[in-house]
Number of protein chains: 2
Amino acid sequence: MNEPTRRARSGERREQILEVALRLFGERGAGNVTTRQIALAVGISQPSLYAHFASADAIAEELCVRAFDALHARFAAKLIDVDDPWQRIDILGRSYIEFGLEHPDMYRIAFMPTRETAPPPDVTFDLATCDPGMAAGLHAFAALRDPVVRICGRDDAAIGVISQAIWALVHGLTALLISKPYFPWAERETLIEAVLAMARAYLADQRVTD
Amino acid sequence: MNEPTRRARSGERREQILEVALRLFGERGAGNVTTRQIALAVGISQPSLYAHFASADAIAEELCVRAFDALHARFAAKLIDVDDPWQRIDILGRSYIEFGLEHPDMYRIAFMPTRETAPPPDVTFDLATCDPGMAAGLHAFAALRDPVVRICGRDDAAIGVISQAIWALVHGLTALLISKPYFPWAERETLIEAVLAMARAYLADQRVTD
DNA sequence: GATGATAGCCTATCGCTGATAGGTCATTAG
DNA sequence: CTAATGACCTATCAGCGATAGGCTATCATC
């Protein structure tokens, strides 16, 4: 054990690679990090990365999955003992936006991919086999469904449309703030409040009145 | 003039490159087109492209600027002899979303860039010197400002927030439909209507009542 | 302890990318 | 006719993700 960075155990090395990659992503942006840079920072050769990950994208993908697990946990933590559906939607929206701004690289990978994610594998849509970004989206989405049902009733088609429209709204602000950081935006908190107010206004119109 | 693809005039060649690039972008997606593919399709060598464009990105950027000029023209054409501000916002939003769906590659380049666009050149923001995507955004944005003022009054700060929130909304739907085409979306027209209804609901709440 | 299998790591290399250097030659102005 | 311009070429570069194949530390087994 004279050289600390050699002959690490597989699991440890894998974890080490992920840590280094996450740090480099944060420093330079995910798109500006190469496999050689990661390998150099870890202290191994570039091809050695492929003993632990199938491809360069697989590293980013794993970090992405972990980040979205954190988002899921944040949802659960903040929603506990909050019953009011209006408040729940507020919390979901705000948590989602804040998460995207805190982890812009992960958000990019999941929801702002450069290429189209995948060809249609089959007609039906399967949560288990789709890409991680899609899965993350469906999860965030599922959390939205419940309070929307409580406010707007149980018409399945309508619930889908309303949920998707709200998702589009919060995604839109998140994505624009990430990709256009130097645009002369209004104050951030005010913008978030405006977006949440927009969701509420829409939901109030769609509310079941019977 | 025995060989039609040799010794073309500079302006014609430049135009020819743009045409070919646009076609290839449409066929394979902007991210999957290389300079060698463009040069091959044009009938010249790959380095010859650099006699007409400073970089590969410059080709995409020029196409992008042209596409957004088209969007601007579409706005103007559809808004002519429509006075009602509610209707104008409806038209703006719908045109914007449809434009993004018709030109997904151009929309990506302008509003969903892989990297951050530019470091802050100076504190003040200048429309003329910013990147084309930014300029396009500000143009779309400016068109929104007028009807928002007519509905919500002239409080400058509030107008900015409201306009930006509406931009986020329509961008969100456009971006998600582009980047997640295989997501089990509701019917597209219904979604667009929902998003426009959301904007209206919000504007109604923000309307000046005095 | 010696032996063989496993697996972590290496060097060398591939094909591809965007971009540059420098020479060739058709066109055109004087 | 000559000289300058500039559109075009081949050759080449550095960097990218990924693969092939050899070396060797570790560990279960005899």
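Keep in mind that the numbers below use all heavy atoms, side chains included, and drop hydrogens, waters and symmetry copies. Proteins get letters first, then strands, A, B, ... in listed order; numbering begins at 1 in each. These numbers come from a predicted model, not from an experiment.
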List the atom pairs, with distances to 0.1 Å, where a side-chain N or O of residues 63-70 of chain A and a protein N or O form a donor-acceptor pair under 3.5 Å, not counting sequence neighbours.
{"residue": "A:Arg66", "atom": "NH1", "partner": "A:Glu15", "partner atom": "OE2", "Å": "2.6"}
{"residue": "A:Arg66", "atom": "NH2", "partner": "A:Glu15", "partner atom": "OE2", "Å": "3.3"}
{"residue": "A:Arg66", "atom": "NH2", "partner": "A:Glu62", "partner atom": "OE2", "Å": "3.2"}

ask   = What about B:Phe141 and B:Tyr96, are their ring centers closer than 6.0 Å?
value =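 Ring centroids of B:Phe141 and B:Tyr96 are no less than 6.0 Å from each other.
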
task = Round to the nearest Å and state the distance from B:Ile38 atom CD1 to C:dT17 atom C1'.
result =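 Whole-Å distance recorded here is 13 Å.
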
request  = Mind calculating the distance between CD (A:Glu12) and P (D:dT26) to the nearest angstrom?
outcome  =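 Those two atoms, CD and P, are 13 Å apart.
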
At less than 4.0 Å, is any side-chain N or O atom of [X] found next to OP1 or OP2 of [N]? Yes or no.
X       : N     : answer
A:His52 : C:dC9 : yes
A:Ser45 : C:dC9 : no
A:Arg13 : C:dA7 : no
B:Ser48 : D:dA7 : no

request  = List in chain and number order the residues that pass ring-ring contact (aromatic ring centres under 6.0 Å, His included) with B:Tyr202, two or more places apart in sequence or in another chain; answer none if no residue qualifies.
outcome  =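 Result, ring-ring contact (aromatic ring centres under 6.0 Å, His included) vs B:Tyr202: none returned.
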
query = Quick one: ring-ring contact (aromatic ring centres under 6.0 Å, His included) partners of B:Phe53, sequence neighbours excluded?
reply =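 Result, ring-ring contact (aromatic ring centres under 6.0 Å, His included) vs B:Phe53: none returned.
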
query = How does protein reach along nucleotides 13-18 of chain D, written 5' to 3' as B (base within reach of a heavy atom under 4.0 Å), S (only sugar-phosphate), or - (no contact)?
reply = ---BBB

task = Could you list the residues that satisfy side chain to side chain donor-acceptor pair (under 3.5 Å) with A:Ser45, not counting sequence neighbours?
result =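 Only A:Ser48 meet the side chain to side chain donor-acceptor pair (under 3.5 Å) criterion with A:Ser45.
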
Pairs where residues 156-178 of chain A contributes a residue and the test salt bridge (charged side-chain N to carboxylate O under 4.0 Å, His left out) is met, not counting sequence neighbours =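 Only A:Arg145-A:Asp156 qualify under salt bridge (charged side-chain N to carboxylate O under 4.0 Å, His left out).
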
